[in-house]
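Reviewing the structure listed below.
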Amino acid sequence: MNEKFLKPYNHLEVEKNIYEEWLKSGYFNPDNLPKDLLAKNGKPFTIIMPPTNANGSLHAGHGLVMTIQDIIVRYKRMKGFKTLWLPGLDHAGFETQVVYEKKLEKEGRSRFEMEPKKLYEEILKFTLENSENIKTQIKSIGASCDWSRTKFTLDDDIVKTVYSTFKKLSDDDLLYRGKKIISWCPKHQTSFSDLEIKDEEKIEPYYYLKYGPFIISTSRPETKFGDKYVVMHPDDKRYVQYKHGDKFDTEWINGPITATIIKDSAIDMEFGTGVMTITPWHDPVDFEIALRHKLEKEQVIDERGKLLPIAGEFAGMGINKARPLIIEKLKTKGLVDKIDENYKHNIKTCYKCGTTIEPQIKSQWFVKMKPLALKALEKIKAGEVIYIPDQYEKITTHWLDNIIDWNISRQIVWGIPIPAKICDKCGTGIVDLENKEEKCKKCNGSLRKDTDTFDTWFSSGQWPFASLGYPDSNDFKTFYPTDIMETAGEIIFFWVSRMIMLGLYITGKIPFKTVYLHGLVLDAKGKKMSKSKGNVINPLDLTSKYGTDAFRMGLIIGNTPGTSLALSEDKIKGYKHFANKLWNITRFVLTSVEGENLDRTFVKWSDEDIKLNKELNSLLIDITSDIENFRLYMAGEKLYHYAWHCLADEILEQSKKVLKEGTIDEIKSRKQFLLYSLTTVLKALHPFIPYVTEEIWKDMPVANKKMLMIEEWPV
RNA sequence: GCGCGGUUAGCUCAGUUGGUAGAGCAUCCCCUUGACGUGGGGAGGGUCACAGGUUCGAAUCCUGUAUCGCGCACCA
């Protein structure tokens with residue numbers, strides 16, 4: 001027996017070598033898998049790794065992603081599939097720019113004072129440097145992905161694919177440049193899609209103001225300067241004497257104005273006084289009303305959230321500062337009817353910084369989503385993609401049923417530049433991949449290059465086929481559509497649903513057969529981890545303290561699909577003990593079977609060992625089905641239980657007696673069983689705890705042994 | 001407001017088609033047993049949120065209630 005088993009298991013010594021050995025073997029690359037392993041199956045199996053944001057360090061959630069996928073991938077590889085796990089890194093547009101802006105802020109700099117080109121180069125450098133750290137960290141979780149195929153979302157070929165999709169959308173009339181009301185973050189100074197917005201409940205004063213003969217109500221008096229339309233429901237009996245289009249003069253914030261009566265059934269008669277004034281430039285509902293009646297629209301608040309000259313004496317002020325002053329003025333003018341101080345309502349905020357979203361009218365590129373969504377719905381309803389857990393299917397179809405056009409323009413430098421030209425004169429947008437258009441086709445006006453970049457999800461929505469080299473590569477032909485998309489439930493709309501729509505649109509196929517969604521990794525108390533709370537668990541601290549295997553088990557066991565997991569250090573500690581237990585089981589088995597080799601042709605089993613063999617085999621069938629059905633938590637727990645409480649506590653104990661007092665045949669049989677059960681357990685546990693199993697495997701007395709990672713799955 | 005999910009041992013959670021409740025950790029007691037004290041043996045602890053219903057039988061199916069969490073939509 002190797003002397004290493006005389007000491008307790010030391011994960012630090014083992015882990016640093018094993019990953020290198022795996023890498024050197026080349027088996028992470030499906031093209032290098034041995035023929036005899038593939039002979040039994042050989043079908044391709046593919047997981048595209050969700051491209052990791054290259055702007056920070058790995059967090060516990062990444063740990064979970066890597067572990068779940070690695071377990072499945074290692075299992076499939078042992079099952080003889082031509083297994084590809086394709087790793088990727090994400091430039092993560094807006095997310096990364098925010099991270100970098102914070103860094104700039106600390107250094108006393110600001111993106112708004114920088115040349116766009118210089119800023120881009122700095123962020124690129126930052127991202128590339130970080131990418132290397134991230135890769136190292138992914139490796140340290142034991143991820144058996146094919147690094148030779150690593151893709152970055154800004155790689156030339158990816159950008160090329162994204163551009164051709166953009167062009168195709170335009171050619172198919174699914175893309176347009178529209179001047180519409182969009183969500184705008186005054187802090188980050190970019191527009192968003194509807195998904196980057198978070199609702200937040202706030203209690204704010206609510207003002208009832210006198211507007212001519214009416215009382216209108218608002219929580220946003222600072223938007224009201226330009227309001228010159230007063231809207232009510234056509235059926236509202238209280239206001240029958242007012243006719244649509246009637247005009248009246250009234251005193252307003254900054255002097256007399258002429259107001260026009262508008263009748264529109266969007267008005268809720270039950271709410272407030274049933275009358276409101278509208279601010280089409282800064283409110284989506286008002287914008288719609290203005291469109292219906294062809295009303296004028298005027299901007300009141302600028303991109304930085306400051307009031308424009310229309311606000312008169314308040315021009316240049318920020319909203320928060322101006323609001324009380326405006327109310328003060330309205331009070332002096334006798335235009336305030338009453339104020340409700342405790343008005344509870346939801347306001348839209350930037351999901352990243354919490355700044356109140358200021359809707360603005362802007363020209364942006366929009367993708368018409370309805371036609372794409374309809375096709376996706378058809379396929380989803382036909383069961384062509386399986387959701388795990390299945391309630392995500394309903395969540396998805398509901399979202400698709402109510403989908404709105406997707407604003408893919410972002411006013412940030414960090415991203416893929418939109419290959420288009422804009423006419424200065426008439427605002428027409430022209431898709432221009434070759435950068436050759438010079439004159440507007442509509443008005444012959446001069447064109448300028450669009451300075452916006454794509455929403456990062458527009459490019460990552462194409463990731464499965466783009467990363468595989470669509471349309472001509474062998475990889476695309478072999479590995480697409482992929483088998484499993486495993487990612488966080490949080491990005492079901494952002495990413496998963498858009499991949500389905502865009503994948504279907506471009507390739508005609510949903511890019512994956514199964515969607516597996518995991519929940520959040522929370523701290524030991526079940527609270528969301530956040531830097532500000534200081535409860536962030538760094539995976540690398542845990543792996544160095546307890547071992548990667550222990551960390552992986554801690555993430556998997558007790559974690560059901562879609563639900564969040566409270567991760568405690570004690571739990572991980574318990575699985576460190578498990579790795580050591582396995583180590584000691586090996587020590588006992590190897591000393592007990594000295595001189596004996598595993599013989600798969602052995603048949604002279606004792607009655608007792610026949611029973612034990614049966615039990616073990618039924619466990620294997622059981623856990624194989626668990627893995628196939630994504631019950632990793634259950635497979636892991638059953639294997640843990642078997643190794644510790646069946647093999648160690650019972651079988652090993654009982655073997656002491658058999659080996660001492662049994663007949664020659666009984667002893668031989670038991671030695672074979674000990675070897676068979678241990679090697680089998682090592683194989684079955686390998687996907688879960690790859691390091692310690694691979695290390696032990698080196699010393700197993702097995703003929704024609706390969707690396708454990710490419711041994712055949714035992715059932 | 002609409003929809004979805006949870007509510008099981010002190011804690012974190014399992015419980016796959018209905019058949020007298022399980023795991024890990026924690027607690028308590030015992031064991032210097034030659035694989036392992038990162039160990040072994042044993043114990044305590046649950047009216048499975050509540051109220052009805054279906055059934056020979058319900059943690060599991062149905063209805064309702066409470067409560068927590070999430071998603072979507074919102075009225076200015």
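Because the structure is predicted, anything quoted here is derived from the model rather than measured. Lettering follows sequence order; numbering is per chain, from 1.
Remark: A/E251 does not engage A/K210 in a salt bridge, criterion side-chain N to carboxylate O under 4.0 Å. Under the 4.0 Å criterion applied to side-chain N and carboxylate O atoms, A/K528 and A/D523 are not assigned as salt-bridge partners. Here A/E666 does not pair with A/K657 in a salt bridge; the nearest charged N to carboxylate O distance is not below 4.0 Å. Salt bridge present: A/E296 and A/K228 bring a charged side-chain N and a carboxylate O closer than 4.0 Å.
The aromatic rings of A/F248 and A/Y211 sit perpendicular, their planes meeting at an angle over 60°, well past the 30° parallel limit.
Pairing for B/rU63 is with B/rA51, a Watson-Crick or G-U wobble pair whose two hydrogen-bonding atom distances lie under 3.5 Å. Base pairing analysis places B/rG34 opposite nothing; no Watson-Crick or G-U wobble pair with both distances below 3.5 Å involves it. When both distances must be under 3.5 Å, the Watson-Crick or G-U wobble mate of B/rA43 is B/rU27. The partner of B/rG1 is B/rC72, by the rule that a Watson-Crick or G-U pair needs both atom distances under 3.5 Å. Base-pair partner of B/rG19: B/rC56 (Watson-Crick or G-U wobble, both distances under 3.5 Å).
Separating the CD1 atom of A/I181 from the P atom of B/rA76 is a distance of 15 Å, rounded to the nearest angstrom. B/rC36 atom P lies 18 Å from atom CZ of A/F578, rounded to whole Å. Spacing between atom CD of A/Q391 and atom C1' of B/rC70 amounts to 11 Å, rounded to whole angstrom units. Per the geometry, NE2 belonging to A/H577 stands 9 Å off P belonging to B/rC25, to the nearest Å. Spacing between atom CG of A/D227 and atom C1' of B/rA76 amounts to 10 Å, rounded to whole angstrom units. Per the geometry, CE belonging to A/M276 stands 5 Å off C1' belonging to B/rA76, to the nearest Å. If you take CD1 of A/I395 and C1' of B/rC2, they are 14 Å apart, rounded to a whole angstrom. In this structure, A/L6 atom CG and B/rU38 atom P are separated by 17 Å, rounded to whole Å.
Separating the C1' atom of B/rC56 from that of B/rG18 is a span of 12 Å, rounded to the nearest Å. B/rC48 and B/rG22 have their C1' atoms separated by 12 Å, with the value rounded to a whole Å. The separation of B/rG52 from B/rA14, taken at their P atoms, amounts to 28 Å, rounded to a whole angstrom. B/rG44 and B/rC28 have their C1' atoms separated by 7 Å, given to the nearest Å. Taking atom C1' on both nucleotides, B/rC62 is separated from B/rG71 by 26 Å, rounded to a whole Å. Distance check on atom P: B/rG39 versus B/rG15 gives 27 Å, rounded to whole Å. Straight-line distance between the C1' atoms of B/rG10 and B/rA26: roughly 7 Å, to the nearest whole Å. Comparing the P positions of B/rU60 and B/rA21 gives an interatomic distance of 13 Å, to the nearest angstrom.
Nearest-nucleotide mapping onto RNA chain B: of A/L195 and A/T277, the residue sitting toward the 5' end is A/L195.
Every side-chain hydrogen bond (donor to acceptor under 3.5 Å, both in side chains) that A/E653 has, sequence neighbours left out, goes to A/K656. A/S219 is linked by a side-chain hydrogen bond (donor to acceptor under 3.5 Å, both in side chains) to nothing, counting only residues two or more places apart in sequence or in another chain.
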What one-letter contact string describes nucleotides 30-35 of chain B from 5' to 3', where B marks a base within less than 4.0 Å of any protein heavy atom, S marks contact via sugar-phosphate atoms alone, and - marks no contact?
-----B
Along nucleotides 6-16 of chain B, 5' to 3', which nucleotides get a B, which get an S, and which get a -, given that the test is a protein heavy-atom distance under 4.0 Å?
------SSSSB
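Aromatic pair A/H345/A/Y343: centroids less than 6.0 angstrom apart.
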Going by atom type alone, with no hydrogens or angles, which donor-acceptor pairs under 3.5 Å involve a side-chain atom of residues 634-641 of chain A and a protein atom two or more places apart or on another chain?
residue, atom, partner, partner atom, Å
A/K638, NZ, A/D622, OD2, 3.2
A/K638, NZ, A/D626, OD2, 2.8

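Within the 4.0 angstrom heavy-atom criterion, only backbone atoms of the sugar-phosphate kind lie near A/Y343; the bases stay farther away. Residue contacts shown for A/H645 are limited to sugar-phosphate atoms, with no base heavy atom under 4.0 Å away. In this structure, A/H345 reaches the sugar-phosphate backbone alone: every heavy-atom distance under 4.0 Å involves primed, P, OP1 or OP2 atoms, never a base. Among the heavy atoms of the strands, none lies under 4.0 Å from A/L590.
OP1 or OP2 of B/rG24 has not a single side-chain nitrogen or oxygen of A/W644 nearer than 4.0 Å.
Sorted by first then second residue, the salt bridge (charged side-chain N to carboxylate O under 4.0 Å, His left out) pairs that include residues 263-292 of chain A, not counting sequence neighbours, are A/D264-A/R292.
At least one side-chain heavy atom of A/P690 sits less than 4.5 Å from a side-chain heavy atom of A/D549.
Set against B/rU38, B/rA73, B/rC25, the side chain of A/D570 has B/rC25 as its closest nucleotide.
Under the salt bridge (Lys or Arg N to Asp or Glu O under 4.0 Å) rule, A/D609 has a single partner from A/K671, A/K668, A/R670, which is A/R670.
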